[in-house]
Amino acid sequence: MTPVRIFISSVQKEFADERAALRDYLRGDALMRRFFEVFLFEDIPAADRRTDDLYLDEVRRCDIYVGLFGNDYGSENAEGLSPTEREFDLATAGGKYRLIYVRGTDNDARHPKMRALIGRAESGLIRKRFNTPAELVTGLYAALVEYLEEKQLIRSGPFDAAPCMKATLKDLDPERMAWFIRTARATRRFPLAPDASPHDLLEHLNLLDDRQVTNAAVLLFGKQPQRFLISSEIKCAHFHGTEVAKPIPSYQVYKGTVFDLVDAAVDFVLSKIALSVGTREAGPQAPVRYEIPKEVVAEAVVNAVAHRDYTSNGSVQVMLFADRLEVWNPGTLPPSLTLEKLRQAHGSVPKNPLLAEPMYLAGYIERMGTGTRDMIRRCTEAGLPEPEFAVSDGFQTIIRRAPAPGPWLYPGPQLRPQAGPPESQPSREETREETREETREETREETRDKILALIAADPTITMNELAEQIGITPKGIEWQIRRLREAGRLRRVGPTKGGRWEIIGGEDEHRRRA
């Protein structure tokens, strides 16, 4: 961030010790030097400029004017004004944030013009008195902390409750808010009417701070949340092996609201892992089971998005390896929780409470602190090892994949580089492009195999049902179906409504593969 510039104005000789004490403290304290940059005239090297021009330029550039007033008035110009008074007048005219400190209480000892200047300052400002450099440092520290809180540069409350300073109601999506109301009413009996205004919704969810939209409002309903909160994206990568290696076979960076991010990341994982399609013995819908339960994938991603540290420059990362799924977020556990307590009954302690509440109302999370225990239970029921949780430079969830072959429809074979004489090797860019194209085609073939497996189990399945079970959009299903029909692998028998799909080449092969 750009440092907040502080200009210290005073008679230099009278306040030599105080000026040095302020400079050393502001540059030495960890909090102060993170936010502030202090200007002292005596620190400036010799230059071919008039001194009054130099210090007045610094007043114009500063964000905070600190005036130290004592007994001396200082040298006067042709108009009878000292540098201190000229600096004060310029700061006042420029609307600068002014902090005035007066040394001592004996007004009789002051220069008459200094008494007049103090009187002017007192009429429009709160000024503080001090006697020693230590008292001055303490007083200025308290005032600067108050400034940081006022400007929302530091907070006593959670990040999601702070106002998003550059965002307005126009930056929020009314359609997304209308969708939320419909979903929350159906899922959690949300009390607002379907035609409630965006302002009513934001007020009901406490997403306004003195009529300013909060960070949570932008993350939940923003048209372009990453325009204001750049690191709120989510990065997904798929590796064929067990280690991070370049080039990455499949890599996506998703942007949008927290709901968009969760949906996209979950769909990314589900499109890459194996699934099993059952029979219709128990009902008209053939059951689909993923090698990692869908609920476990969703819980890991939702936790990362809802509980991350949004002040960090890091993004949530979802990485799928041959043997595991890793979900990482820049954040840590609250002080009341430990890794051991995550495996026991524990309370819900959201890091971003104003973000978590709407996600609960939309059915994305629960509020009872049961998420990690549900993940453990579902993994155990699926025959997988219990999830692993770790805290290092962030919070990490590791979910092991099926250790042995099962009744799965597996993705295509692992891509391996072909050996050859050096002179026959393609360029690095050609290799990357070839790998990317092979990966795209492999992913498409995986999706087509899953479509055929679902159709083999239920020839009357609809495109919307295929999209829901596979985890891609209906338009994506339409594209894949068209390719299967063009390739002579699938045809439609009967009318659009009431007809059925027929796999060309027989269903037995696809049932065996599923």
Side-chain angles (χ1 to χ4, degrees), residues 1-47 51 54-70 83-84 87-88 90-91 94-103 125-159 161-166 215 228-231 309-314 330-332 335 351 393-394:
M1 60 167 284
T2 302
V4 178
R5 293 179 64 86
I6 297 176
F7 181 90
I8 298 178
S9 173
S10 72
V11 176
Q12 291 183 33
K13 291 182 179 180
E14 182 181 10
F15 287 99
D17 292 342
E18 288 82 359
R19 291 168 68 89
L22 290 178
R23 176 195 60 203
D24 294 344
Y25 183 77
L26 293 174
R27 293 177 180 174
D29 181 80
L31 177 64
M32 294 293 103
R33 70 168 177 262
R34 176 184 175 188
F35 291 101
F36 299 108
E37 180 180 80
V38 61
F39 171 83
L40 289 178
F41 181 79
E42 51 266 41
D43 290 341
I44 301 300
T51 56
L54 178 60
Y55 63 66
L56 291 177
D57 282 346
E58 288 298 330
V59 173
R60 294 186 184 94
R61 295 178 59 199
C62 78
D63 302 290
I64 298 175
Y65 166 90
V66 176
L68 308 183
F69 297 166
T84 302
E87 292 161 6
F88 175 80
L90 184 58
K96 303 297 182 179
Y97 193 96
R98 294 168 297 162
L99 299 171
I100 305 300
Y101 295 88
V102 179
R103 184 168 66 182
L125 290 171
I126 297 176
R127 48 98 184 106
K128 299 291 184 180
R129 293 189 181 272
F130 71 96
N131 290 299
T132 66
E135 290 178 359
L136 174 62
V137 167
T138 301
L140 183 59
Y141 176 84
L144 293 179
V145 169
E146 184 178 337
Y147 173 89
L148 293 175
E149 291 177 339
E150 180 182 321
K151 299 298 184 181
Q152 294 290 331
L153 296 173
I154 60 173
R155 302 175 307 278
S156 56
F159 171 84
C164 191
M165 301 307 294
K166 295 184 179 180
N215 289 322
F228 306 98
L229 303 166
I230 190 171
S231 68
D309 178 5
Y310 279 94
T311 66
S312 168
N313 291 329
T332 187
K351 183 177 182 65
D393 59 337

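Counting only heavy atoms from C-beta outward, the side chains of Leu31 and Val145 approach each other to under 4.5 Å. A 4.5 Å side-chain heavy-atom check between Tyr25 and Tyr141 finds at least one atom pair inside the cut-off. Between Phe39 and Ile6 the shortest side-chain heavy-atom distance does not fall below 4.5 Å. Considering only heavy atoms from C-beta on, Ile64 comes within 4.5 Å of Leu144 through its side chain. Contact annotation: the side chain of Phe7 never approaches that of Val38 to less than 4.5 Å [non-hydrogen atoms, C-beta and beyond]. Counting only heavy atoms from C-beta outward, the side chains of Arg19 and Ser10 approach each other to under 4.5 Å. In this structure, Leu68 and Thr84 have side chains that are not in contact, with every pair of non-hydrogen atoms separated by 4.5 Å or more. Side-chain contact between Arg5 and Glu37 is present, with at least one heavy-atom pair separated by less than 4.5 Å.
The two residues Phe69 and Phe88 make their nearest non-hydrogen contact at CZ-CD1, 4.2 Å. Taking both residues in full, the closest heavy atoms of Lys96 and Cys62 are given as NZ-O, 2.8 Å, listed atom of the first, atom of the second, then distance. Scanning both residues, Pro3 and Asp63, for their nearest heavy atoms gives O-OD2, 4.0 Å.
Under the side chain to side chain contact (heavy atoms under 4.5 Å, CB included) rule, Leu40 has a single partner from Leu26, Ile8, Leu22, which is Ile8.
Glu135 places a side-chain N or O within donor-acceptor distance of the main-chain N or O of Asn131, the cut-off being under 3.5 Å. In this structure, the side chain of Arg129 does not engage the main chain of Arg103 through any donor-acceptor pair within 3.5 Å. No donor-acceptor distance shorter than 3.5 angstrom exists from the side chain of Asp309 to the backbone of Pro330, with no hydrogens or angles considered. Proximity of a side-chain donor or acceptor of Asn215 to a complementary backbone N or O of Phe159 within less than 3.5 Å is detected.
Atom CG of Leu140 is separated from atom NZ of Lys128 by 12.0 Å, given to the nearest 0.5 angstrom.
Within 6.0 Å of the CG atom in Asp393, the count of heavy atoms belonging to other residues, nucleotides or ligands exceeds 12.
Tyr101 and Phe130 have perpendicular rings, their planes meeting at more than 60° on a 0 to 90° scale where under 30° would count as parallel.
At a cut-off of 3.5 Å, with distance as the only test, no side-chain donor of Tyr310 or Ser231 sits close to an acceptor on the other residue.
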Please walk me through it: do Phe35 and Thr2 pass side-chain contact (heavy atoms from CB on, under 4.5 Å)? CA-CA 8 Å; Phe35 291 101; Thr2 302; over 6 Å; no
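Between Tyr65 and Tyr97, the ring centre distance reaches or exceeds 6.0 Å.
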